[in-house]
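All of these numbers come straight from a predicted model, not from anything done at the bench.
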Amino acid sequence: MADPKGFLTTQREVARTRPVGERVKDWNEVYVPGSLLPIISKQAGRCMDCGIPFCHNGCPLGNLIPEWNDYAYREDWRAASERLHATNNFPEFTGRLCPAPCESACVLGINQPAVTIKNVEVSIIDKAWGSGDVTPQPPERLSGKTVAVIGSGPSGLAAAQQLTRAGHTVAVFERADRIGGLLRYGIPEFKMEKSHINRRIEQMRAEGTKFRTEVEIGKDIDAAKLRRRYDAVVIAAGATVSRDLPVPGRELNGVHFAMEYLPLANKVQEGDLTVSPISAEGKHVVVIGGGDTGADCVGTAHRQGALSVTQLEIMPRPGEERNANQPWPTFPMLYKVTSAHEEGGERVYSVSTTRFEGDEDGNVQALHLVEVEFKDGKLEQKPGTERRIPAQLVTLAMGFTGTDQSNGLVEQFGLELDARGNVARDADFATNVDGVFVAGDAGRGQSLIVWAIAEGRSAARGVDRFLTGASTLPAPIRPTDRALAV
């Protein structure tokens with residue numbers, strides 16, 4: 001193990017963030033550059049190398065966490081990077097964006113603060129990129145088989161990289177103008193700078209993966225024709241249909257889905273726009289939805305110069321400690337203060353929006369809400385708690401309901417859907433259409449980045465076996481696997 005007494009002698013210490021007054025003036029990542037390396041070896045030394053490492057169960061990728069913790073403790077960064085990449089194609093993504101269910105399952109977390117697994121992970125990969133240890137891994141020989149991957153989010157990219165390295169000729173189709181899916185346009189720059197995506201794309205290009213942007217399968221290319229052109233197809237189009245809020249006033253100007261608002265802010269950072277057409281500058285902003293996407297809207301509004309930011313959540317405020325019905329090693333629902341929340345704004349729980357109020361020009365000016373409570377398992381409004389708050393910009397960040405069917409992709413392939421509206425698949429991630437597979441949120445439903453990468457890797461094995469009759473590619477999860485939860 002790393003340090004036999006590390007968990008007793010070393011206190012948990014996490015990455016330092018830049019002062020709020022400084023970071024809200026730019027779009028750079030919120031953490032102090034280089035602040036982790038001086039402390040991370042000791043933090044890795046807190047790992048107890050448990051006989052049964054439950055962190056493996058918490059992570060759908062099956063990351064070899066005790067192993068790379070040991071290497072990081074000994075500052076053998078090349079070996080640490082090798083073990084990290086053995087199970088994860090993109091640790092710089094998960095190390096920045098994953099909510100770390102591995103830490104919730106950490107055995108040390110039973111009675112102490114868990115090991116900073118996520119910080120160790122990102123330190124290893126950043127060190128590896130800096131020292132040139134991350135290099136292209138082109139296949140030794142080509143199989144002669146071709147694969148089309150629809151969607152370039154984490155699931156599609158993982159599947160594409162695995163299949164390219166297996167020797168297949170892979171083309172990734174992306175309907176946006178840049179590769180990355182929600183990593184590119186759904187995640188704000190202050191959470192992950194897009195240079196991390198760009199260098200992975202260059203690695204994949206060097207390995208042989210082809211990329212086709214601004215091509216929407218179902219509209220620009222008929223899905224059935226695509227299937228005839230390629231030996232196999234992987235659908236990794238995500239669950240991109242946003243959940244709506246059908247209340248009076250929804251049609252007013254200034255009420256937008258989060259995925260209408262966030263991509264434009266990212267396009268400003270890409271240099272495509274000077275100013276976002278949907279900006280929070282000088283406005284009272286209300287974000288409806290208490291999850292990570294809502295927090296991304298909060299942080300974006302701060303940087304655009306909002307007068308005020310209020311985030312609404314229909315559920316009660318979670319506790320700061322595990323509930324008895326969410327025992328270790330499950331992933332608990334806890335009150336979380338993200339970097340965006342540190343920057344200001346108000347968070348309001350147990351409320352429901354009843355209507356939007358507009359001015360004579362059709363612009364939203366206020367939002368009406370009411371407090372709610374659970375009674376007999378149902379949410380009910382509390383009489384006399386109605387109130388009005390100013391709102392010139394409202395973003396709806398209430399999650400996603402399934403795969404986009406408006407472009408014809410599902411219909412043209414003839415895909416079957418499951419009861420939840422996701423693309424149905426079998427144990428090999430294969431759909432009802434011969435040679436067509438599905439990975440990520442398109443098959444699982446809205447989930448985490450770490451599950452998306454695991455899905456991409458697992459679907460790649462199914463495709464490889466379909467094309468060649470056998471496969472040595474790893475498959476960390478089954479389509480039916482779910483997070484470690486009560």
Side-chain angles (χ1 to χ4, degrees), residues 50 52-69 80-95 97-106 117-118 120-122 124-125 137 147 149 151 153-166 168 170 181 183 200 204 232 234-236 238 329-331 422-423 425-430 437-468 470-485:
C50 309
I52 300 177
F54 275 83
C55 54
H56 287 189
N57 297 76
C59 176
L61 282 167
N63 280 336
L64 307 172
I65 295 164
E67 294 184 34
W68 41 258
N69 271 331
S81 174
E82 185 275 327
R83 300 316 289 150
L84 186 56
H85 279 103
T87 57
N88 188 351
N89 298 71
F90 314 118
E92 64 272 37
F93 301 166
T94 51
L97 303 175
C98 182
C102 53
E103 294 187 18
S104 298
C106 174
I117 298 170
K118 183 175 171 179
V120 177
E121 178 182 23
V122 80
I124 293 170
I125 184 57
Q137 299 178 37
V147 182
V149 176
S155 182
L157 291 179
Q161 187 168 62
Q162 293 293 94
L163 289 167
T164 297
R165 290 176 175 178
H168 308 303
V170 180
L183 291 172
R200 274 296 176 188
M204 292 179 66
V234 179
I235 299 171
T330 62
F331 189 70
N422 304 315
V423 180
R425 68 265 184 94
D426 65 14
D428 283 330
F429 293 81
F437 297 75
V438 64
D441 290 2
R444 175 168 292 271
Q446 179 185 345
S447 190
L448 304 177
I449 181 174
V450 68
W451 280 93
I453 296 173
E455 287 248 344
R457 289 172 66 87
S458 298
R461 178 185 174 90
V463 174
D464 190 36
R465 185 157 56 185
F466 170 79
L467 294 174
T468 65
S471 180
T472 58
L473 293 177
I477 60 171
R478 298 165 297 183
T480 53
D481 286 344
R482 290 295 179 263
L484 191 63

Please confirm whether the backbone N or O of Lys118 pairs with a side-chain atom of Glu103, one donor and one acceptor, at under 3.5 Å?
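Judged by distance alone, yes, a pair lies under 3.5 Å.
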Strictly distance-based, threshold 3.5 Å: is any side-chain N or O of Arg465 a donor or acceptor partner for the main-chain N or O of Ser471?
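Not a single qualifying donor-acceptor pair exists.
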Which atom of [X] lies closest to which atom of [Y], heavy atoms considered:
X: His56; Y: Ile65; value: NE2-N, 3.8 Å
X: Thr468; Y: Asp464; value: OG1-O, 2.7 Å
X: Pro60; Y: Pro476; value: O-CB, 3.4 Å

Roughly how far, to the nearest 0.5 Å, is the CG atom of Leu84 from the CD1 atom of Ile124?
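With rounding to 0.5 Å, CD1 (Ile124) is 5.5 Å from CG (Leu84).
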Donor-acceptor pairs are to be reported for all side-chain atoms of residues 447-458 against protein atoms at under 3.5 Å, with residues two or more places apart or in another chain.
unit_1, atom_1, unit_2, atom_2, d
Glu455, OE1, Arg425, NH1, 3.1
Glu455, OE1, Arg425, NH2, 3.2
Glu455, OE1, Gly440, N, 2.9
Glu455, OE2, Arg425, NH2, 2.8
Glu455, OE2, Arg444, NE, 2.6
Glu455, OE2, Arg444, NH2, 3.0
Arg457, NE, Thr87, O, 3.2
Arg457, NH1, Asn89, OD1, 2.7
Arg457, NH2, Ala86, O, 3.2
Ser458, OG, Ala454, O, 2.9
Ser458, OG, Ile477, N, 3.2
Ser458, OG, Ile477, O, 3.2

Could you check if a side-chain atom of [X] sits within less than 4.5 angstrom of a side-chain atom of [Y], using non-hydrogen atoms only?
X: Leu183; Y: Phe93; value: yes
X: Asn88; Y: Glu121; value: yes
X: Pro66; Y: Cys55; value: yes

Do other residues, nucleotides or ligands put more than 12 heavy atoms under 6.0 Å from Arg478 CZ?
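Counting other residues, nucleotides and ligands, CZ of Arg478 stays at 12 neighbours or fewer.
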side-chain contact (heavy atoms from CB on, under 4.5 Å) partner of Val438, the single match among Asn422, Val234, Val423:
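Option passing the side-chain contact (heavy atoms from CB on, under 4.5 Å) with Val438: Val423.
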Set out, in order, the CA-CA distance, both residues' side-chain angles and the distance that settles side-chain contact (heavy atoms from CB on, under 4.5 Å) for Thr164 and Met204, then state yes or no.
CA-CA 8 Å; Thr164 297; Met204 292 179 66; 5.9 Å; no
Any chance you could lay out the side-chain contact (heavy atoms from CB on, under 4.5 Å) test for Ile117 and Asn63, step after step, and finish with the verdict?
CA-CA 10 Å; Ile117 298 170; Asn63 280 336; over 6 Å; no
